[in-house]
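Input: a single structure, listed below in structure tokens.
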Amino acid sequence: MPVIRGTPLTGFPGVGEARAKKLEKLGLTTAGDLLAWYPRDYEDRRQVYSIRDAPLEGRVCISAMAAEHPRLSRIRKGLELVQVKAVDNTGALHLTFFNQSYVERAVKAGEEYIFYGSVELQGRRRTMVNPIFERADRQSFTGCIMPVYRLTAGISNHLLASLTRQALPCAETLPETLPQSVRQEHSLAAMEFSVKNIHFPEDEKALELARRRLAFEELFYLAVGLFFLKDRRDSEGAGRAVPARPKAEFLSLLPFSPTPAQSRVMDEVAGDMAGRRPMNRLVQGDVGSGKTAVAAFAGWLCAKGGCQTALMAPTEVLAEQHFKSLSALLAPAGVRVGLLTGSMKPAEKKRTKTALAAGEIDFVVGTHALISAGVEFARLALIVADEQHRFGVAQRAALAAKSGGEISPHVLVMSATPIPRTLALIIYGDLDVSVIDQLPPGRTPVATYVVREDKRQRMYGFVRRQVQEGRQAYIICPAVEENPDAALPGEERPALNLKAVKTYAEKLQREVFPDLRVGLLHGKMKPREKEEAMSAFASGRTQVLVATTVVEVGVDVPNASLIIIENADRFGLSQLHQLRGRVGRGPHQSHCVLITGTRSLEAMERLHTLASTTDGFKISEEDLKARGPGDFFGSRQHGLPQTRLADLAGDMRLLSEAQEAARNLLARDPRLARPENRPVWEQVRRLFADTPDIFN
Ligand code: ADP
Ligand code: MG
């Protein structure tokens, strides 16, 4: 029976119930799904070598003849070995297969095969372990550009590729969703060609054409959807005009003088808010550049103008801390500051909500609970999103709807992550950008060291000395439970030797620092406990804080001068930079120790990059290169639909081309009502299916 797009994967040879379940985990249930599961990478297996000429680096194809019947031996229970020698006229290759006893029957003496694997030299012997192989006269996964797919446990790339190859013929029946005019104008390949070549490219050129078309398509639908969103925003109500006031009045509350950069950004914000057009401003400033003071200023202005401010933080720990410092700063000026987090007791929450609705709180600090249902404001004028990349266009739309559509709040997004401008425009819509490009005076850059396990004892000694000098230290562990992404991309399971943070803290207290006060903070603790642990550290009652990445952003304890990051290779560079930003906030020379047991050269290189620079922009560029924007923002953190192929940060040119195409199409047919444009409308709707009521 021919495969059609609707053919269930259970109808494919070799796919039983168990495998079907695993495939379903990837969202794959039909042949059509396979076609839409684009490769994440490719392996060029076109070059076939002779045994002697095969390079000793990377995986290669070798054409050779099996010179003997394979030898099967059982080393012990659960360990079987098949060995066979292959030859060509340049030499011999010794092959070993672990636990693949079928190879004994599959490989026949005297037959030609293509073996794909890495060649290693053992003495003078050339060897290959667990190669992929196929008969030279029936090549299908060698001698070609091979797709590399995202996988899940129990599903090999080989399996996925062979299923996809079987599903490939039904690409002929895929509908062409891009309007003919757009395809012509931008020279985009046809659908069938593109899908076939994205999986099994004939050559580089074909792959490039296929990728261009499919990535363009994604960006095009994204752009069309965002134009609809923007349209909606333009018809939203005006903002509340917040009258400007002399800044000096606010500055007298601060314990320091602002840097010129802070001062400039404050003026920009005040200028925006004085108008009726809702502000939409992104403030970018590296870790420690003093963004909080800008937010405090904006909130102070609003309060003085009789309006309310809501500040959203990404974690409860940070919300608590902002609440404390903002209360201390602004209460003397008569600003009433409140707190609202998801885990507060219902009665406390109710009290805050009632006060907000009655206008008895001027400045509320919280987590995303702030935009949940049941929170009403008397006169909300400003929303500050602190280090929250999740707060994108879509959230903005939801909030506007919340304030009745009549009044749109001013929005201030604060981020330490330098986001390329085009990308920011896409994520946050039309926005203005302010940059705080100066650190407060007197900061010395954090000295960063990469150390190996053998220096562990010396490192503990260093902690002790810092504490003896009156300083404090963080010790950060990647914790599995709350950070499933701790494994690097491409790795199937997290490392096994991750320190379980709790036992580690206990052990440190008991065996290493019995005379010091060691605290513990992790995401699984009760909110009360978290708050206690944080304030014990902030006040100096604990001297060493063992924590997970819950302290990653924003936490500010100026007396802490040392941060140790365990298993540092498990973290992304931007994340490490954020963590490092927890120290170097006071007058003391600060240190960051990255401890690692990794054997990967690449990982070591990344860590050394971090050690050699404190330039947040450079670091995030490196990160972007290595990990792509998905990881950069955390998956889907920007609230935009996920793209499968297009790289929002890497495909800037294509992105602006797609944007232009979207603009042109909408100029001709604003509601996509023409029959030839209906498929576009359908695709956009599907893409934005998760974004609340955008298209009504
Ligand atoms: P971030 O931009 O990372 O949010 P913060 O607002 O938390 O930075 O500020 C970091 C630290 O620097 C805080 O302890 C803050 O009080 C202090 N700070 C901010 N601005 C100044 C300044 N102009 N002079 C001295 N210290 C400052
Ligand atoms: Mg901050």
Mind listing the closest non-hydrogen atom pair of Ala106 and Tyr113 along with its distance? O-OH, 3.4 Å
So Asn664 and Glu185, do their side chains get closer than 4.5 Å, heavy atoms only? yes
Output the distance between atom CG (Asn157) and atom CG (Asp41), rounded to the nearest 0.5 Å. 10.0 Å
Decide yes or no for Val680 and Pro179: does some side-chain heavy atom of the first lie under 4.5 Å from some side-chain heavy atom of the second? yes
Taking atom types as modelled, is there a side-chain donor on Gln139 or Thr142 under 3.5 Å from an acceptor on the other? yes
In this structure, CG of Leu219 is separated from CD of Gln659 (nearest 0.5 Å) by 9.0 Å
Is it true that atom CD of Gln100 has more than 12 heavy atoms of other residues, nucleotides or ligands lying nearer than 6.0 Å? yes
Ring-plane angle category for Phe115 and Phe133, please: parallel below 30°, perpendicular beyond 60°, tilted otherwise. tilted
CZ of Phe12 to CG of Leu159: how many Å apart, nearest 0.5 Å? 10.5 Å
Looking at Leu610, Ile476, Asn567, Leu579, which one forms a side-chain contact (heavy atoms from CB on, under 4.5 Å) with Leu594? Leu610
Please report the closest heavy-atom contact between Val684 and Gly225, naming both atoms and the distance. CG1-CA, 3.6 Å
Smallest separation among heavy atoms of Ala20 and Val15, with atom names: N-CG1, 3.9 Å
Does the side chain to side chain contact (heavy atoms under 4.5 Å, CB included) test come out yes or no for Leu26 and Asp33, once each step is laid out? CA-CA 10 Å; Leu26 298 173; Asp33 294 340; over 6 Å; no
What's the shortest heavy-atom distance between Ala223 and Ala662, and which atoms? CB-CB, 3.8 Å
Evaluate whether atom CZ of Arg125 has more than 12 neighbouring non-hydrogen atoms of other residues, nucleotides or ligands under 6.0 angstrom away. no
Any Leu121 side-chain heavy atom under 4.5 Å of Arg126 side chain: yes
Tell me whether the count of non-hydrogen atoms from other residues, nucleotides or ligands lying under 6.0 Å of CG in Leu601 goes above 12. no
Given the rule in the side chain to side chain contact (heavy atoms under 4.5 Å, CB included) test, do Lys85 and Leu95 qualify, once you have shown the distances and angles that lead to the verdict? CA-CA 6 Å; Lys85 188 166 94 171; Leu95 304 158; over 6 Å; no
Any donor-acceptor pair under 3.5 Å linking the side chain of Thr127 with the backbone of His94? no
Using a 3.5 Å distance criterion without hydrogens, assess whether the side chain of Asn99 forms a donor-acceptor pair with backbone atoms of Glu80. yes
I'd like to know if the side chain of Tyr221 reaches the main chain of Glu682, judged simply by a donor and an acceptor atom lying under 3.5 Å from each other, with no hydrogens or angles considered. no
Scan side-chain atoms only and decide if Thr596 and Asp569 contain a donor-acceptor pair under the 3.5 Å cut-off. yes
What I want to find out is whether Arg135 reaches Asp137 closely enough, with some N-O distance under 4.0 Å, to be called a salt bridge. yes
Residue pair Arg570, Thr598: steps toward the side chain to side chain contact (heavy atoms under 4.5 Å, CB included) verdict: CA-CA 9 Å; Arg570 300 281 142 205; Thr598 186; over 6 Å; no
Mind listing the closest non-hydrogen atom pair of Ala661 and Val182 along with its distance? CB-CG1, 4.4 Å
Which of parallel (below 30°), tilted (30 to 60°) and perpendicular (above 60°) describes His186 and Phe216? tilted
To the nearest 0.5 Å, how far apart are CZ in Arg678 and CG in Asp669? 8.5 Å
Considering only NZ, NE, NH1 and NH2 on the basic side and carboxylate oxygens on the acidic side, decide whether Arg212 and Glu208 come within less than 4.0 Å. no
Row check, Phe141 ring normal vs Arg45 NZ/CZ: under 6.0 Å, within 45°: no
Evaluate the criterion side chain to side chain contact (heavy atoms under 4.5 Å, CB included) for residue pair Arg46 and Asp203; output intermediate values, then yes/no. CA-CA 9 Å; Arg46 284 175 300 177; Asp203 51 36; 4.2 Å; yes
Does any non-hydrogen side-chain atom of Leu72 lie less than 4.5 Å from one of Val82? yes
Do the side chains of Leu23 and Leu163 get nearer than 4.5 Å, heavy atoms only? yes
Report, as yes or no, whether the 6.0 Å neighbourhood of atom CD on Gln180 holds more than 12 heavy atoms from other residues, nucleotides or ligands. yes
Could you list the donor-acceptor pairs under 3.5 angstrom formed between side-chain atoms of residues 166-176 and any protein atom two or more places apart in sequence or on another chain?
residue : atom : partner : partner atom : Å
Gln166  : NE2  : Ser162  : O            : 3.1
Thr173  : OG1  : Arg5    : NE           : 3.1
Thr173  : OG1  : Cys170  : O            : 2.9
Glu176  : OE1  : Arg183  : NH1          : 3.3
Glu176  : OE1  : Met191  : N            : 3.1
Glu176  : OE1  : Arg213  : NH1          : 3.3
Glu176  : OE2  : Leu178  : N            : 3.4
Glu176  : OE2  : Arg213  : NH1          : 2.9
Glu176  : OE2  : Arg213  : NH2          : 2.9

Does Asn130 reach the main-chain N or O of Phe98 with its side chain, forming a donor-acceptor pair under 3.5 Å? yes
Hey, what do you get for OG1 (Thr152) to NZ (Lys22), rounding to the nearest 0.5 Å? 8.5 Å
Arg674 CZ: over 12 foreign heavy atoms closer than 6.0 Å: yes
Is it true that a side-chain atom of Thr609 and a backbone atom of Glu605 form a donor plus acceptor pair closer than 3.5 Å? yes
With a 4.5 Å limit on heavy-atom distance, are the side chains of Trp681 and Arg671 in contact? no
For Val60 and Ala54, work out which heavy atoms get closest and say how close. CG2-CB, 4.1 Å
Side chains of Leu665 and Arg668: closer than 4.5 Å at any heavy-atom pair? yes
Which residue in the set Met146, Glu134, Met128, Glu43 passes side-chain contact (heavy atoms from CB on, under 4.5 Å) when paired with Tyr116? Glu43
Tell me, yes or no, whether the heavy-atom count around Glu111 atom CD, taken from other residues, nucleotides or ligands under 6.0 Å, exceeds 12. yes
Any heavy-atom pair between the side chains of Tyr49 and Val119 that's under 4.5 Å? no
Please round to the nearest 0.5 Å and tell me the distance separating atom NE2 of His69 and atom NZ of Lys108. 8.5 Å
Pair Tyr149 + His199: ring centers closer than 6.0 Å: yes
